[in-house]
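Remember, predicted model here, so these are calculated numbers, not experimental data.
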Amino acid sequence: MNTELPLSVTEVLTTTRSVRRGLDLDREVAPELVEDCLRVALQAPNGMNRQNWRWIVLTEPRIRAEVAEVYRAAFLARNASALSRLDELPAATRSTVTAGRQLADRLHRVPVLVVPCLELADGALSEGNQAGLWASLLPAAWSYALAARSRGLVTAWTAVHLDREQEVADLLGLPPAVRQGALLPTAYPLRSAFRPGPRLPLESVLHRNGWQG
């Protein structure tokens with residue numbers, strides 16, 4: 001189904017935000033639209049073209065509520081210190097934490113939850129640097145988020161639930177060889193306009209021909 005917005009590639013790349021507060025929790029998202037975004041995601045690069053990604057799409061209220069309960073517990077445990085001293089935090093940090101708390105509190109109401117996974121030979125994650133492993137999944141997951149943005153949807157990239165990955169795996173009936181990489185709540189936004197987020201200037205993070213301290 002073709003529902004693409006009139007956005008340039010640059011607009012899609014620079015205005016795809018993690019939307020935690022402004023989600024329309026009462027508007028349904030057509031399964032066909034999510035699948036359309038996933039077909040775009042399947043064009044992402046992956047190691048040796050193995051395509052060992054697996055996509056779990058959650059729309060049934062009961063399972064969304066069960067996953068949300070685990071997510072909420074993981075979020076509160078991870079952010080207990082920050083939540084106990086919100087008034088002491090810098091404004092930007094406080095905003096991020098409170099938005100995260102709002103998402104955690106309402107996750108069960110988000111119409112679609114997408115869990116991108118990798119199916120590995122034995123389910124074991126490699127020791128040391130895992131960049132090569134997750135490079136076969138995370139570009140596709142981000143492509144899904146970009147495709148959703150281009151079609152009028154928004155997502156929120158989060159991986160908090162991975163603190164309790166096995167609990168979610170048990171809820172979803174995942175085999176031991178399948179490992180989760182993220183959680184992408186997906187919904188229509190309450191507003192249509194988005195702008196680039198605050199970022200450090202390129203000059204402060206760019207190193208040419210090696211590291212310049």
Side-chain angles (χ1 to χ4, degrees), residues 1-46 51-72 75 99-100 102-119 136-162 168-169 171-174 178 180-195 197:
M1 55 190 303
N2 187 3
T3 59
E4 293 187 54
L5 302 177
L7 299 172
S8 70
V9 172
T10 297
E11 286 176 304
V12 172
L13 290 170
T14 58
T15 65
T16 298
R17 311 256 60 86
S18 277
V19 179
R20 302 177 180 89
R21 287 195 178 99
L23 301 171
D24 190 338
L25 303 176
D26 298 315
R27 184 177 176 183
E28 293 185 4
V29 176
E32 298 82 6
L33 186 54
V34 174
E35 292 171 9
D36 187 33
C37 295
L38 287 172
R39 289 189 183 94
V40 173
L42 296 186
Q43 293 299 314
N46 64 101
Q51 302 181 62
N52 58 338
W53 43 45
R54 303 291 180 262
W55 304 86
I56 316 298
V57 179
L58 307 178
T59 57
E60 202 276 324
R62 178 191 58 80
I63 191 63
R64 283 188 287 129
E66 291 176 347
V67 169
E69 184 176 355
V70 176
Y71 181 96
R72 193 156 39 249
F75 178 87
Q102 187 169 1
L103 176 64
D105 287 342
R106 305 191 304 167
L107 188 65
H108 62 287
R109 294 185 57 201
V110 179
V112 179
L113 305 178
V114 176
V115 185
C117 303
L118 276 179
E119 186 169 14
S136 288
L137 178 68
L138 300 188
W142 185 238
S143 288
Y144 168 80
L146 295 171
R149 166 72 177 120
S150 76
R151 288 157 175 78
L153 299 170
V154 289
T155 58
W157 186 291
T158 179
V160 173
H161 77 292
L162 296 181
V168 175
L171 287 174
L172 302 181
L174 301 183
V178 174
Q180 302 161 65
L183 175 67
L184 301 169
T186 303
Y188 282 99
L190 293 175
R191 60 187 175 93
S192 58
F194 294 90
R195 59 186 179 184

**Prompt:** Tell me the side-chain hydrogen bond (donor to acceptor under 3.5 Å, both in side chains) pairs involving residues 106-115, sequence neighbours left out?
**Reply:** Asp26-Arg109
**Item:** Atom pair CZ/CG of Arg20 and Asp105 - distance to nearest 0.5 Å
**Value:** 14.0 Å
**Asked** Between Val110 and Ala187, which heavy-atom pair has the shortest distance, and what is it?
**Response** CG1-CB, 4.4 Å
**Item:** SG on Cys117 to CD1 on Ile56, rounded to 0.5 Å
**Value:** 4.5 Å
**Side chain proximity check, Leu183 to Val114, heavy atoms < 4.5 angstrom** = no
**Message:** Can you give me the closest heavy-atom contact between Trp142 and Trp157, atom names plus distance?
**Reply:** N-CZ3, 3.6 Å
**Prompt:** Can you find a pair of side-chain heavy atoms, one from Glu11 and one from Leu5, that are under 4.5 Å apart?
**Reply:** no
**Request:** State, to 0.1 Å, how close Ala156 and Leu103 come at their nearest heavy-atom pair, and which atoms those are.
**Result:** CB-CD2, 4.2 Å
**Request:** Can you measure from CD (Gln102) to CG (Leu23) and round to the nearest 0.5 angstrom?
**Result:** 8.5 Å
**Prompt:** Which class fits the ring pair Trp55 and Trp53: parallel under 30°, tilted 30 to 60°, perpendicular over 60°?
**Reply:** tilted
**Item:** Any Val168 side-chain heavy atom under 4.5 Å of Tyr71 side chain
**Value:** no
**Prompt:** Where is the tightest heavy-atom contact between Ala141 and Pro116, given as atom of each residue plus distance?
**Reply:** CB-CG, 4.0 Å
**Item:** Arg17 vs Val154 side-chain heavy atoms within contact, under 4.5 Å
**Value:** no
**Asked** With side chains defined as the heavy atoms from C-beta onward, is the minimum distance between Val29 and Thr59 less than 4.5 Å?
**Response** no
**Message:** Using side-chain contact (heavy atoms from CB on, under 4.5 Å), reason through Arg151 and Val40 one step at a time and then give a plain yes or no.
**Reply:** CA-CA 12 Å; Arg151 288 157 175 78; Val40 173; 3.8 Å; yes
**Item:** Contact check, side chains of Arg21 and Leu190, non-hydrogen atoms, under 4.5 Å
**Value:** no
**Asked** Can you check whether His161 reaches Val67 side chain to side chain, under 4.5 Å on heavy atoms?
**Response** no
**Message:** Are the side chains of Pro185 and Leu113 in contact, using a 4.5 Å heavy-atom criterion?
**Reply:** yes
**Distance (rounded to the nearest 0.5 Å) between Leu146 CG and Thr16 OG1** = 4.5 Å
**Message:** How long is the straight-line distance from CG of Asp36 back to OH of Tyr144, given to the nearest 0.5 Å?
**Reply:** 10.5 Å
**Message:** Nearest 0.5 Å, please: how far is CZ in Phe75 from CG in Leu107?
**Reply:** 11.0 Å
**Asked** So which heavy atom on Asn52 is nearest to which on Ser136, and how close?
**Response** OD1-CB, 4.3 Å
**Message:** Please find the pair of heavy atoms, one from Ala41 and one from Ser143, that lie closest to each other, and give the distance.
**Reply:** CA-CB, 3.9 Å
**Asked** Is atom CD of Gln51 surrounded by more than 12 heavy atoms (other residues, nucleotides or ligands) closer than 6.0 Å?
**Response** yes
